[in-house]
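Written below as structure tokens is the structure these notes are about.
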Amino acid sequence: MSINILGIESSCDDTSAAVISDGVIKSNIIANQSIHEKYGGVVPELASRAHQQNIIPVVDAAIKQSGLTANDITAVAFTRGPGLLGSLLVGTSFAKGFSLAKKIPMIDVNHLQGHVLAHFIKESVDDSDQPNFPFICLLVSGGNSQLIIVKDHLDMEVVGATIDDAAGEAFDKCAKVMNLPYPGGPVVDNLAKHGDASLIKLSKPRIADYNYSFSGLKTSFLYHIRDHIKDNQNYIVENKAHLCAALQATIVDVLMDKLHKLVKDTGIKEIAVAGGVSANSGLREALLQYGEKYRAKIHIPKIIYTMDNAAMIAITGHYKYLKGEFASQDVTPLARWNL
Ligand code: KG4
């Protein structure tokens, strides 16, 4: 009998449902919430209301597209945290109802673990392109920048994390200063392709161990703009591409420096990248070059699995199901939940 996991993701501003059958992706539906664009960031109350509206049609579409029926689902996996409490509550409540109605187990999933395990989603039965253990995962998103040693599907050790802003946050906040739309990361990525990073020097953090910090870089970016705008009101407009290129190059450099330190110290030469910022073309390029230079095996996710999606929740549910790790009906969402 196949293990068919329905995954539900509702931690932030995307409502997503996916079906994974014996580790193979069958469907992955994501409903984006455009309502937040005009506010320049996610408004939690609006996000949970939109999840309420989206969740049933999104689950319905995911089950239909999988070719299965609701009665074929073996277990329902849902994001328990970390994330926005009101948003998490929608997915958690839905999972409880589905589990009760279908008399199937439910599985609580850590969103960050989901990002890492996205690398184990199979596109077909004979897809064998998954990382070998142990591997290093660079997890970079809007809320996290972490270096993780992944020893097994459910055994992960966080060895470094951001002490202030995350990489995605640095992209988004600096983009806001340049009046770019939210989220700024993808926009900076596109503009950076037309700019020259060497024209602008931004300061890089000096933090011990494997920890990250992006707050100083953000300040250095702000000061650079403030100093130049005094002489030229149009400085941002005229130099947007260069500013984006410099910002991206510096963030990528910082990420790669710590990754390299961890590779040297552990000797682990299998590296994966995950999270929203792993969509960044500069980071992808830097990782591929690193792989060639140091003969490391690099795993880069498909763009669809870099963003918040339920397929990664379903695959994590699959591995927790195999271990019999289930949640009870009185489970509550966790706004904060470390790996
Ligand atoms: O993992 P994710 O979808 O959401 C959470 O953090 O929960 O990550 C979103 C972050 C945002 O900060 C966004 O600007 C960033 O990922 N991002 C990018 C790119 N695409 C998304 N940053 C840089 N370059 C990109 N291409």
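Numbering of ligands and ligand atoms starts at 1, following listing order. These numbers come from a predicted model, not from an experiment.
Within the listing of ligand 1, atoms 6 (O) sit less than 4.0 angstrom from a heavy atom of Gly143. Atoms of ligand 1 found under 4.0 Å from any heavy atom of Gly168, numbered from 1 in the order shown, are 12 (O). Residue-ligand proximity, Pro183 to ligand 1, at heavy-atom distances under 4.0 Å covers atoms 14 (O). The atoms of ligand 1 that sit less than 4.0 Å from any heavy atom of His115 are 1 (O). With ligand atoms numbered from 1 in the order given, ligand 1 contributes 3 (O) to contacts under 4.0 Å with heavy atoms of Met307.
Between the Arg284 side chain and the Ile300 main chain, no donor and acceptor come within less than 3.5 Å of each other.
Scanning all protein heavy atoms for the shortest distance to atom 24 (N) of ligand 1 gives Asn280 ND2, 2.9 Å. Considering only non-hydrogen protein atoms, atom 1 (O) of ligand 1 sits nearest to Gly276 N, 2.9 Å. For atom 6 (O) of ligand 1, the closest heavy atom belonging to the protein is Gly142 N, 2.7 Å. Looking only at protein heavy atoms, the nearest one to atom 22 (N) of ligand 1 is Gly185 CA, 3.4 Å. Among protein heavy atoms, atom 26 (N) of ligand 1 sits closest to Asp189 OD2, 2.9 Å. Of the protein's non-hydrogen atoms, the one nearest atom 15 (C) of ligand 1 is Val277 CG2, 3.9 Å.
When ring centroids are compared, His260 and Tyr290 come within the 6.0 Å threshold. Aromatic rings from Phe120 and His318 are positioned such that their centres are separated by 6.0 Å or more.
Among Asp308, Ile251, Asn190, the residue whose heavy atom lies nearest to atom 2 (P) of ligand 1 is Asp308.
Ring pair Phe214/Tyr212 is parallel by interplanar angle, where below 30° counts as parallel and above 60° as perpendicular.
If you look at Asp172 next to ligand 1, the close heavy atoms, those under 4.0 Å, all belong to the side chain. Residue contacts with ligand 1 for Gln248 are absent, since no atom lies close enough (heavy atoms, distance under 4.0 Å). Both the backbone and the side chain of Pro186 come within contact range of ligand 1, each with a heavy atom under 4.0 Å.
Hydrophobic clustering, with ILVMFWY side chains joined whenever heavy atoms are under 4.5 angstrom apart, keeps Met106 apart from Leu117.
A side-chain contact (heavy atoms from CB on, under 4.5 Å) with Ile8 holds for exactly one of Ile55, Ile313, Thr79; it is Ile55.
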### side-chain hydrogen bond (donor to acceptor under 3.5 Å, both in side chains) evaluation trace for Gln113 with Thr316
CA-CA 7 Å; Gln113 193 164 40; Thr316 309; 5.8 Å; no
### Task
Apply side-chain hydrogen bond (donor to acceptor under 3.5 Å, both in side chains) to Asp14 and Asn32, showing your working.
CA-CA 5 Å; Asp14 296 313; Asn32 303 112; 2.9 Å; yes
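At least one side-chain heavy atom of His111 sits under 4.5 Å from a side-chain heavy atom of Asp308.
In summary, Asp22 and Lys122 do not engage in a salt bridge, as defined by a charged side-chain N under 4.0 Å from a carboxylate O.
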